[in-house]
A.B. asks: 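Below are the structure tokens for one structure; questions will follow.
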Amino acid sequence: PESDTAEAAAMLGQARRVVIFTGAGMSAESGVPTFRDALTGLWQRYDAHALATPEAFRADPALVWGWYEWRRCVVRRAEPHAGHLAVAAIEARAPHAVVITQNVDDLHERAGSTTPVHLHGSLFAPRCSACAQPAPVPEGGAEEPGEGRRTPPPRCAYCSAPVRPGVVWFGEALPQPALETAAEEAASCDLLLTVGTSGLVYPAAEIPQVAARLGATVIQINPQPTPLDAVADVNLRGPAAQVLPALVQAAWGDADQP
Ligand code: APR
Ligand code: ZN
């Protein structure tokens with residue numbers, strides 16, 4: 001209801017240090033599928049164990065590489081929406097604001113967010129599976145891989161091992177620098193805005209809880225209830241592309257005016 005947006009806007013307008021914590025729901029209205037939404041979620045349609053684990057890549061590098069090529073192609077065709085622009089407006093308006101995302105797309109960057117922290121890596125940072133040297137991002141697109149269609153991964157220019165997607169797979173550690181920055185920002189913020197995450201996957205899901213435990217105000221934007229309802233001071237039940245612009249407008253007026 002309106003009162004919740006007004007209340008959240010007042011909190012956001014007064015915040016000194018803001019964390020904007022985002023998940024797949026942040027990109028849903030740009031046409032990038034989430035993982036757990038009924039029917040459309042990637043883990044409703046694909047087997048995460050066969051595609052998003054180190055074992056899967058070792059067993060069938062071409063199947064895994066081809067699937068991530070398709071996901072990168074989906075992101076390339078997508079555009080950031082008004083919610084991504086609103087997040088960049090918060091970074092421009094709040095005294096200190098940082099985006100911490102679980103997403104591996106580049107929509108925050110393309111909307112003008114300066115240095116989003118990618119807890120789960122990026123589709124645009126492939127690297128060698130053996131020597132970890134960064135590899136070039138292949139051009140061109142890949143149609144959604146039909147059952148069993150495979151695309152052999154490129155070979156590392158330095159040691160000729162297969163190149164892998166630069167994303168964090170289940171069972172893998174998160175990049176330490178990203179995790180440390182995220183934990184520091186969550187511990188020192190006075191407001192954390194969590195947008196479009198089911199709050200189910202750890203350690204990323206720890207971030208809003210750290211902020212709440214250390215006294216930050218937590219605002220959640222999600223059309224559905226999530227476990228983070230328990231730590232949210234305000235729940236804005238709606239889609240990111242609508243709620244975020246309304247929130248920024250209520251907090252700072254026409255944020256997109258010079
Ligand atoms: N606006 C806001 N939220 C939305 C929207 C929308 N338009 N559409 C869906 N959502 C919400 C859903 O209600 C759900 O709570 O986004 C959330 C998406 O949850 P998940 O699909 O679980 O995505 P996420 O929380 O980012 O998953 C975390 O799991 O598979 C791993 O590494 C992967 O980073 C991912 C992690
Ligand atoms: Zn190598």
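As the structure lists them, so they are numbered: ligands from 1, and atoms in each ligand from 1. Bear in mind that the values here come from a model prediction, so they are computed numbers and not experimental data.
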A.B. asks: Do Ile207 and Gln102 have side-chain heavy atoms sitting under 4.5 Å apart?
C.D. replies: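 No - every pair of side-chain heavy atoms lies 4.5 Å or more apart.
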A.B. asks: Below 3.5 angstrom, do we get any N/O pair linking Thr197 and ligand 1?
C.D. replies: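 Such a contact does occur with ligand 1.
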A.B. asks: Would you say the side chain of Ser113 lies within less than 4.5 Å of the side chain of Thr101, judging by non-hydrogen atoms?
C.D. replies: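 A side-chain contact under 4.5 Å is absent here.
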A.B. asks: For ligand 1, is there an N or O atom under 3.5 Å from any N or O atom of Val195?
C.D. replies: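 For ligand 1, there is no N or O atom that lies under 3.5 Å from one belonging to Val195.
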A.B. asks: May I ask you to list the atoms of ligand 1 that are less than 4.0 angstrom from any heavy atom of Phe170?
C.D. replies: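 The atoms of ligand 1 under 4.0 Å from a heavy atom of Phe170 are 30 (O), 31 (C).
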A.B. asks: Counting only N and O atoms by type, is there a donor-acceptor contact under 3.5 Å from the side chain of Arg110 to the main-chain atoms of Ala78?
C.D. replies: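 Checking the backbone N and O of Ala78 against the side chain of Arg110, a donor-acceptor pair under 3.5 Å is found.
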A.B. asks: If we only count N/O pairs under 3.5 Å, is Thr226 in contact with ligand 1?
C.D. replies: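 Such a contact does not occur with ligand 1.
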A.B. asks: Would you mind reporting whether Leu200 and Pro227 have side-chain heavy atoms less than 4.5 Å apart?
C.D. replies: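 Answer yes - side chains close enough.
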A.B. asks: What about Ala24: any of its N or O atoms under 3.5 Å from an N or O on ligand 1?
C.D. replies: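 N/O-N/O distance under 3.5 Å: yes.
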A.B. asks: Check if Asp37 has a non-hydrogen atom at a distance under 4.0 Å from any atom of ligand 1.
C.D. replies: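 Heavy atoms of Asp37 do come under 4.0 Å of ligand 1.
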A.B. asks: Quick one: which of Glu185, Arg16, Glu91 gives a side-chain hydrogen bond (donor to acceptor under 3.5 Å, both in side chains) with His96?
C.D. replies: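 The option that passes is Glu185.
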A.B. asks: Taking the six-membered ring for Trp, are the ring centroids of Tyr46 and Trp70 within less than 6.0 Å of each other?
C.D. replies: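 They qualify: ring centres under 6.0 Å apart.
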A.B. asks: If the cut-off is 4.0 Å to any non-hydrogen atom of Ala28, which atoms of ligand 1 fall inside it?
C.D. replies: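 Ligand 1 atoms under the 4.0 Å threshold to Ala28: 8 (N).
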A.B. asks: Which residue supplies the protein heavy atom nearest to atom 34 (O) of ligand 1, what is that atom called, and how far is it?
C.D. replies: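 Of every protein heavy atom, His120 ND1, 2.8 Å lies nearest to atom 34 (O) of ligand 1.
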A.B. asks: Nearest to atom 17 (C) of ligand 1, what protein heavy atom do you find, and at what distance?
C.D. replies: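 Nearest protein contact, heavy atoms only, for atom 17 (C) of ligand 1 is Gly196 O, 3.5 Å.
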A.B. asks: Do NZ/NE/NH1/NH2 and the carboxylate oxygens of Asp229 and Arg237 come within less than 4.0 Å?
C.D. replies: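 Looking at Asp229 and Arg237, the cut-off is met.
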A.B. asks: How wide is the angle at the Zn ion (ligand 2) between SG in Cys159 and SG in Cys128, to the nearest 10°?
C.D. replies: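 My answer is 100°, to the nearest 10°.
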A.B. asks: Evaluate Gln224 for polar contact with ligand 1, using N/O atom pairs at a separation under 3.5 Å.
C.D. replies: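 No: no nitrogen or oxygen of Gln224 is under 3.5 Å from one in ligand 1.
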A.B. asks: With side chain to side chain donor-acceptor pair (under 3.5 Å) as the criterion, how do Ser27 and Asp105 come out once you've worked through the C-alpha distance, each side chain's angles and the decisive distance to 0.1 Å?
C.D. replies: CA-CA 8 Å; Ser27 301; Asp105 60 54; 2.6 Å; yes
A.B. asks: Less than 3.5 Å between some nitrogen or oxygen of Phe35 and one of ligand 1, yes or no?
C.D. replies: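 Checking ligand 1 against Phe35, an N or O pair does fall under 3.5 Å apart.
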A.B. asks: Which distance, rounded to the nearest 0.5 Å, do you find between the CG of Leu192 and the CD1 of Ile20?
C.D. replies: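 The distance works out to 9.0 Å.
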A.B. asks: Tell me, which protein residue and heavy-atom name are nearest atom 10 (N) of ligand 1, and how many Å apart are they?
C.D. replies: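 Protein heavy atom at minimum distance: Gly25 CA, 3.6 Å.
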A.B. asks: I need the nearest protein heavy-atom contact for atom 30 (O) of ligand 1: residue, atom name and distance, please.
C.D. replies: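 The protein heavy atom lying closest is Trp43 NE1, 2.8 Å.
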A.B. asks: Return the residue, atom name and 0.1 Å-rounded distance of the protein heavy atom closest to atom 29 (O) of ligand 1.
C.D. replies: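 So the nearest neighbour among protein heavy atoms is Arg36 NH1, 3.1 Å.
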A.B. asks: Using heavy-atom distances, let me know which of Val201, Thr34, Val104, Thr194 sits nearest atom 36 (C) of ligand 1.
C.D. replies: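 That would be Val201.
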A.B. asks: Is it true that Leu174 and Phe21 fall in one hydrophobic cluster, defined by side-chain heavy atoms closer than 4.5 Å?
C.D. replies: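 Yes: a chain of side-chain contacts under 4.5 Å links Leu174 to Phe21.
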A.B. asks: Run the salt-bridge test on Glu172 and Arg164 with the 4.0 Å N-O cut-off and return the result as yes or no.
C.D. replies: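 Salt bridge flag = yes for Arg164 with Glu172.
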A.B. asks: In the protein, what heavy atom is nearest to atom 28 (C) of ligand 1, and what distance, to one decimal place, separates them?
C.D. replies: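 Answer, as residue, atom name and distance: Gln102 OE1, 3.4 Å.
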A.B. asks: Name the closest protein heavy atom to atom 13 (O) of ligand 1, giving the residue it belongs to and the distance to 0.1 Å.
C.D. replies: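 Result: Asn222 OD1, 2.8 Å.
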A.B. asks: Kindly compute the distance separating CD (Gln220) from OG1 (Thr194), expressed to the nearest 0.5 Å.
C.D. replies: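 Those atoms lie 5.5 Å apart.
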A.B. asks: From the options Gly23, Pro239, Ser198, select the one whose nearest heavy atom is closest to atom 19 (O) of ligand 1.
C.D. replies: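 When every heavy atom of Gly23, Pro239, Ser198 is considered, Ser198 comes closest to atom 19 (O) of ligand 1.
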A.B. asks: Would you indicate which of Gly83, Gly121, Pro223, Pro227 comes nearest to atom 2 (C) of ligand 1 when only heavy atoms are counted?
C.D. replies: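 Heavy atom nearest to atom 2 (C) of ligand 1 belongs to Pro223.
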A.B. asks: In the structure I gave you, are the side-chain heavy atoms of Val87 and Met26 within less than 4.5 Å of one another anywhere?
C.D. replies: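 A side-chain contact under 4.5 Å exists here.
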A.B. asks: Near Glu29, which atoms of ligand 1 are under 4.0 Å from a heavy atom of that residue?
C.D. replies: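 Near Glu29, meaning under 4.0 Å from one of its heavy atoms, ligand 1 has 1 (N), 6 (C), 7 (N).
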A.B. asks: How far is atom 1 (N) of ligand 1 from its nearest protein heavy atom, and which residue and atom is that?
C.D. replies: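 I find the closest protein heavy atom is Ala240 N, 2.9 Å.
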